[in-house]
Number of protein chains: 2
Amino acid sequence: MPLNETSATPARRRRGAELEAALLDAALAELLASGYDDLTYEAVAERAQTSRAVLYRRWPTKRELALAAALQLLDSHPVPTPDTGSLRGDVLELLTVANGSRARLGLQLVAQLGSTGGVSLADLRRPVARRNEERMTAILGRAEDRGEIPTADVPRRARDVALDLWRHDVLLHRSAASPQQIEQIVDDVFLPLVGYRG
Amino acid sequence: MPLNETSATPARRRRGAELEAALLDAALAELLASGYDDLTYEAVAERAQTSRAVLYRRWPTKRELALAAALQLLDSHPVPTPDTGSLRGDVLELLTVANGSRARLGLQLVAQLGSTGGVSLADLRRPVARRNEERMTAILGRAEDRGEIPTADVPRRARDVALDLWRHDVLLHRSAASPQQIEQIVDDVFLPLVGYRG
DNA sequence: CTCATTAAGAGGCATTGTGTTCCTTATCGA
DNA sequence: TCGATAAGGAACACAATGCCTCTTAATGAG
C-alpha cells in the first residue's frame, strides 16, 4: 500500500510518445535556460516531473539528450516555400523566414552539439537539406518559366549558395543574419551566379 | 622545512608565458583526447603538472579554458598566401592548404565552443578573417594584372565566397572537405562570379 | 476481463569533479 | 636585498553522475 499523503491521487504515469515529448520539452527548456555546460539530468528530470533513470534509459549522455532536444526543435519548425512572383523576392523571403524561425535556433544548437558516435552532422540534417534542395529547385523552375533566368539547370553548389552562405553566417556569428547580410548574399552572389537579368 | 622525499629538487616553478603555454598545450591535448564533455580541470592540471587553482585563476569556466586552447591552435597555424601563377590555381591552393592545416581543427573547435560572455565568435575570428580578406584581395589583384578577370573590384561577399563556402562545409560536416567539394566551390561558384574567362 | 510483461518514477549509494580557500615558498621586480 | 606576487599543494563541502533496487501504473496478448 502506498503511503497516501494529503492527496489520494493514484500517481499517473506517462508513457511512449507523450512522455518522450515532455522529456524533450523539458530538456530544451533547460538547455535554453542554462546553456549546454550547465545542463544537468537532475534539472531536466525535475522539470519533466520524472526521475533521472527515465532520461538515462533513452539518452545515455548529456550530448545525446541535448542533441535530441535540438533536433526536435529543428524539424518541428519547417520553413514554407515562398512564392512571391519574382526570383529575388522568393530567395529573400526564404532566407528571411528561415532567419526568423525557431529552426535557426535548432540549427545553431545542432551544429554546436555536433555528431554523436557514428552519426555525422550531415546525416542529422539530411531530411532538412533535402527539403531545402527541393525548395530552391522549385524557385528556380518558376524563375525560368518567368524568363528571369536563362536556365534552371544550375550546378548544385550554385543553386544552394544562398542558403549555404546564410547558414555560414548564422553558424559563425551565433545570431540571426541582418537584412543587409541577406540582401548582399542574394544581390552580390546568388542572382549574378544564376544569370539573373536585373 | 619541506619534506624532501627521495629527491632534493628545489621544486621549480614556471611562470608567465612559459607556464601559460604549457597549460594550453595540456588543455588542448586533453580536449583532443577526451572531447569537450569529458574534459576536466583535474586531468588538465595533472597533465600540465600543476594544480587546478592555477587553471581556475586564468579560466574560470571549462568553456573559456577550451576556447583559449582552441584559439591558440587556430592562430598558431597561419595559412600562407599562394602564388601559383593562375587565379584558379591560387584559390584551389588556398582552400586545399587551409583544409589540410591544423587551423581547420582550431576552426571547428572554436565554432563548437562558441562565444563566452560579451565576446562574439566573429570577434574571436577577427584577426584570422582580416588576414583572409587580404589574401583574397591580393590573389584577385594578381588575376586582374594577368587579365584573367575584368576587375579585382569585387563585392566583399563575392570575394569571400570561396572561403565562406569551404568554412560552411567544414563546420557542417565536422571533417575536412573533399578535393571534389573544393573544386566545385571554385569552378561552379567562385570563378563564374568574378567573371573568370576560362 | 485477467494476467504476465514492461517500464515509470522514487529512492539510495559510491564516486567523481567542482569551486573555493588556506598555506608554503619559489620567482620576480623594484 | 627585500617585499609583492603567484605557483603549486592540500583540504573542504557540495553538486551531479552513473548505477542500482524496488514498487506499481500502464499496456497488450489471450
Side-chain angles (χ1 to χ4, degrees), chain A residues 1-27 29-31 33-69 113 116-117, chain B residues 1-27 29-31 33-69 113 116-117:
Chain A
M1 182 198 349
L3 302 185
N4 279 1
E5 305 164 25
T6 47
S7 108
T9 7
R12 158 168 160 66
R13 286 184 194 171
R14 296 158 296 181
R15 280 207 171 198
E18 180 198 0
L19 174 61
E20 191 132 335
L23 298 180
L24 290 180
D25 280 353
E30 282 295 320
L31 183 56
S34 309
Y36 180 74
D37 284 348
D38 296 331
L39 180 69
T40 67
Y41 278 88
E42 269 194 330
V44 175
E46 190 183 11
R47 188 186 282 258
Q49 302 266 47
T50 184
S51 70
R52 280 178 296 134
V54 173
L55 294 169
Y56 276 113
R57 275 178 210 128
R58 291 175 169 74
W59 305 283
T61 69
K62 185 166 97 168
R63 173 147 259 142
E64 286 168 271
L65 172 58
L67 192 56
L113 298 171
T116 314
Chain B
M1 178 199 350
L3 302 184
N4 278 2
E5 303 163 26
T6 47
S7 108
T9 7
R12 160 168 157 66
R13 284 183 197 172
R14 296 158 296 182
R15 281 207 170 196
E18 180 196 0
L19 174 60
E20 192 135 332
L23 298 180
L24 290 180
D25 281 353
E30 282 295 320
L31 183 57
S34 309
Y36 180 73
D37 283 347
D38 295 331
L39 180 70
T40 67
Y41 278 87
E42 268 194 330
V44 174
E46 190 183 12
R47 188 185 282 256
Q49 301 265 48
T50 184
S51 71
R52 279 178 298 134
V54 173
L55 293 170
Y56 277 112
R57 276 178 210 127
R58 292 175 170 74
W59 305 283
T61 69
K62 186 166 98 169
R63 173 147 261 145
E64 287 169 89
L65 172 58
L67 193 55
L113 298 171
T116 314

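The figures that follow rest on heavy atoms only: side chains count, while hydrogens, waters and symmetry mates do not. Every chain is numbered from 1 and lettered A, B, ... according to where its sequence line falls, protein lines coming before strand lines.
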Check: Can you tell if the side chain of A:Arg58 reaches within under 4.5 Å of the side chain of A:Leu19, non-hydrogen atoms only?
Finding: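 Yes. Closest side-chain heavy atoms under 4.5 Å.
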Margin query: Between B:Leu23 and B:Thr50, is there a side-chain heavy-atom distance shorter than 4.5 Å?
Written below: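 Yes - at least one pair of side-chain heavy atoms lies under 4.5 Å apart.
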Atom [atom1] of [X] to atom [atom2] of [N]: distance rounded to whole Å?
X       : N      : atom1 : atom2 : answer
A:Leu55 : C:dA10 : CG    : C1'   : 14 Å
B:Arg47 : C:dG17 : CZ    : C1'   : 18 Å
B:Arg58 : C:dG19 : CZ    : P     : 17 Å
B:Tyr41 : D:dA7  : OH    : C1'   : 17 Å
B:Glu46 : D:dA10 : CD    : P     : 13 Å
A:Trp59 : D:dT17 : CH2   : C1'   : 18 Å
A:Arg13 : D:dT27 : CZ    : P     : 11 Å
B:Glu18 : C:dT27 : CD    : C1'   : 12 Å

Margin query: Considering every strand and a 4.0 Å limit on heavy-atom distances, what is the contact class for A:Arg14: base, sugar-phosphate, or nothing?
Written below: sugar-phosphate
Check: In Å, rounded to the nearest 0.5 Å, how long is the span from CZ of B:Arg12 to CD of B:Gln49?
Finding: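 Rounded to the nearest 0.5 Å, the CZ-CD separation comes out at 12.0 Å.
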Notebook entry, point to check: How sharply is the helix from C:dC1-D:dG30 to C:dA30-D:dT1 bent, taking the axes over five pairs at either end and rounding to 10 degrees?
Noted result: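 Result, rounded to 10 degrees: 40°.
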Check: Of B:Arg63, B:Lys62, B:Glu64, which is the lone residue that meets side chain to side chain contact (heavy atoms under 4.5 Å, CB included) with B:Pro60?
Finding: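 Passing option: B:Glu64.
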Next item on the list: Report yes if a donor N or O on one partner sits less than 3.5 Å from an acceptor N or O on the other, where the partners are the side chain of A:Arg52 and the base of D:dG18; otherwise report no.
Entry: yes
Margin query: Using only modelled atom types and a 3.5 angstrom limit, is any donor from either the side chain of A:Arg15 or the base of D:dT27 paired with an acceptor on the other?
Written below: no
Is [X] near enough to [N] that one of its side-chain N or O atoms lies under 4.0 angstrom from OP1 or OP2?
X       : N      : answer
A:Thr50 : C:dA8  : no
B:Tyr56 : C:dG19 : yes
A:Ser51 : C:dA8  : no

Between [options], which nucleotide gets closest to the side-chain atoms of [X]?
X       : options               : answer
B:Val54 : D:dA7, D:dA16, C:dG17 : D:dA7
A:Leu19 : D:dA7, C:dA8, C:dT21  : C:dA8
B:Arg57 : D:dG18, C:dT20, D:dG8 : D:dG8
B:Ala53 : C:dA10, D:dG9, C:dT27 : D:dG9

Check: Hey, what's the ring geometry for A:Tyr41 with A:Tyr56, parallel, tilted or perpendicular (30° and 60° as the breaks)?
Finding: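 Judged by the thresholds at 30° and 60°, the geometry between A:Tyr41 and A:Tyr56 is parallel.
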Next item on the list: Could you pick out which residue, A:Gln49 or A:Asp38, lies toward the 5' side of DNA chain C when each is mapped onto its nearest nucleotide?
Entry: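 Its nearest nucleotide being more 5', the pick is A:Gln49.
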Next item on the list: Give, ordered by number, those residues of residues 60-68 of chain A having at least one heavy-atom distance below 4.0 Å to an atom of DNA chain D; if nothing qualifies, reply none.
Entry: none
